[in-house]
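What follows is a single structure, written as structure tokens, with notes after it.
It should be emphasised that the depicted structure is a prediction, and the values quoted were computed from it without experimental measurement.
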Amino acid sequence: MRASSFEGRMRAGECYHALRLPPSAWVVLRVDGHGFTRFTADRFEKPFDATFHEHMTDVARALLERFQGAYAYTESDEVSLLLPRDWALFDREVEKAVSLSAALASAAFATACGAVAWFDSRAWVGSRGEDVVDYFRWRQADAGRCALNGWCYWTLRKGGMGPAEATAALHGKSSAFKHDLLHRRGVNFARVPAWQRRGTGLWWERYEKEGFDPVRGLAVKAARRRIRVDRDLPMKEEYGRRLARLIDDDARREA
Ligand SMILES: Nc1nc2c(ncn2[C@@H]2O[C@H](COP(=O)(O)OP(=O)(O)O)[C@@H](O)[C@H]2O)c(=O)[nH]1
Ligand SMILES: [Mg+2]
């Protein structure tokens, strides 16, 4: 057997390796905690736990840094990471982007939490800036819906209902009904922390760092960037405008 033909035949079995993210497309990598319904059950407060959300924010920060992302958004057990359009890490290989984002999320979460947890990952691809705005508004709407449901479900459970009874009491009910249900039990949903209803966003911001040049004996200013974390995001159209500005910045940087 010729070594080179053997090598070639084995390499041919790596049939997904040539897959690349389309050039210049917007890409969002979304990691999601695997089996987190069970994982969180005895470890964290229901429906929301500030420590759990901080662990997820640590995951988002790690992804933004290591992948040099443009924006990260976390809600529940997921993080969406927007990549700059000219993103060139790992030669834009899909397998690398998906597997390494899941691996990094798992490692960052396990380090923060002190327990083994694993994440899956998928790639979303959009061609226009408007698609990206829609994507993040979609995830934020999901956060709002899940927060309202979670608050209702756990308020009923803590009030003495069993799982099936609480699920049946909410089945097919409108959002107005759910707000009212909470209100009657002393919870004003509009007042629960914004991160629970809207998620948390992270992005790079520029700032000037004061320094001292010992050679010239002068105070100097240097441009730096750092990660900004917003746990009180705007919503709907205003959130869309915020995202549109972020995308514009990315386009300007590329130009
Ligand atoms: N206890 C707790 N659970 C949470 C929190 N945030 C998200 N979760 C749970 O994480 C799960 C996320 O949903 P999903 O990904 O569909 O479930 P999975 O397939 O079991 O990972 C839900 O069961 C949520 O209740 C939190 O702050 N506290
Ligand atoms: Mg999950």
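Within the structure, ring pair (Phe, Tyr, Trp, His ring centres under 6.0 Å) contacts touching residues 221-240 (residues at least two apart or in different chains) do not occur.
No cation-pi contact links R43 to F52, judged by a cut-off of 6.0 Å to the six-membered ring centre and 45° from its axis.
The two residues S80 and F136 have their closest heavy-atom pair at CB-CE2, 3.7 Å. Counting all heavy atoms, side chain and backbone alike, V133 lies closest to I247 at CG2-CD1, 4.1 Å. Shortest non-hydrogen contact noted between G201 and L233 is N-CD1, 3.6 Å. In plain terms, the two heavy atoms of R92 and R85 that are nearest each other are NH1-O, 3.3 Å. In this structure, W151 and Q196 approach most closely via the heavy-atom pair NE1-OE1, 2.9 Å. When all heavy atoms of Y73 and R198 are compared, the pair lying nearest together is OH-O, 2.7 Å.
You'll find the side chain of R242 reaches within 4.5 Å of the side chain of W203, heavy atoms only. Side chains of F90 and S99 form no contact here, defined as non-hydrogen atoms less than 4.5 Å apart.
Sparse packing is recorded around CZ of R191, with 12 or fewer heavy atoms of other residues, nucleotides or ligands lying under 6.0 Å away. Within 6.0 Å of OH on Y16 lie no more than 12 heavy atoms contributed by other residues, nucleotides or ligands. Counting heavy-atom neighbours within 6.0 Å of R122 CZ, excluding the residue itself, gives a total of 12 or less.
Listed by chain and residue number, nothing satisfies the side-chain contact (heavy atoms from CB on, under 4.5 Å) test with D42 (two or more places apart in sequence, or in another chain).
Considering V79, V31, L81 in turn, V31 is the only one that fulfils the side chain to side chain contact (heavy atoms under 4.5 Å, CB included) rule with S101.
One finds no salt bridge joining R137 and E130 here, because no Lys/Arg side-chain nitrogen approaches an Asp/Glu carboxylate oxygen to under 4.0 Å.
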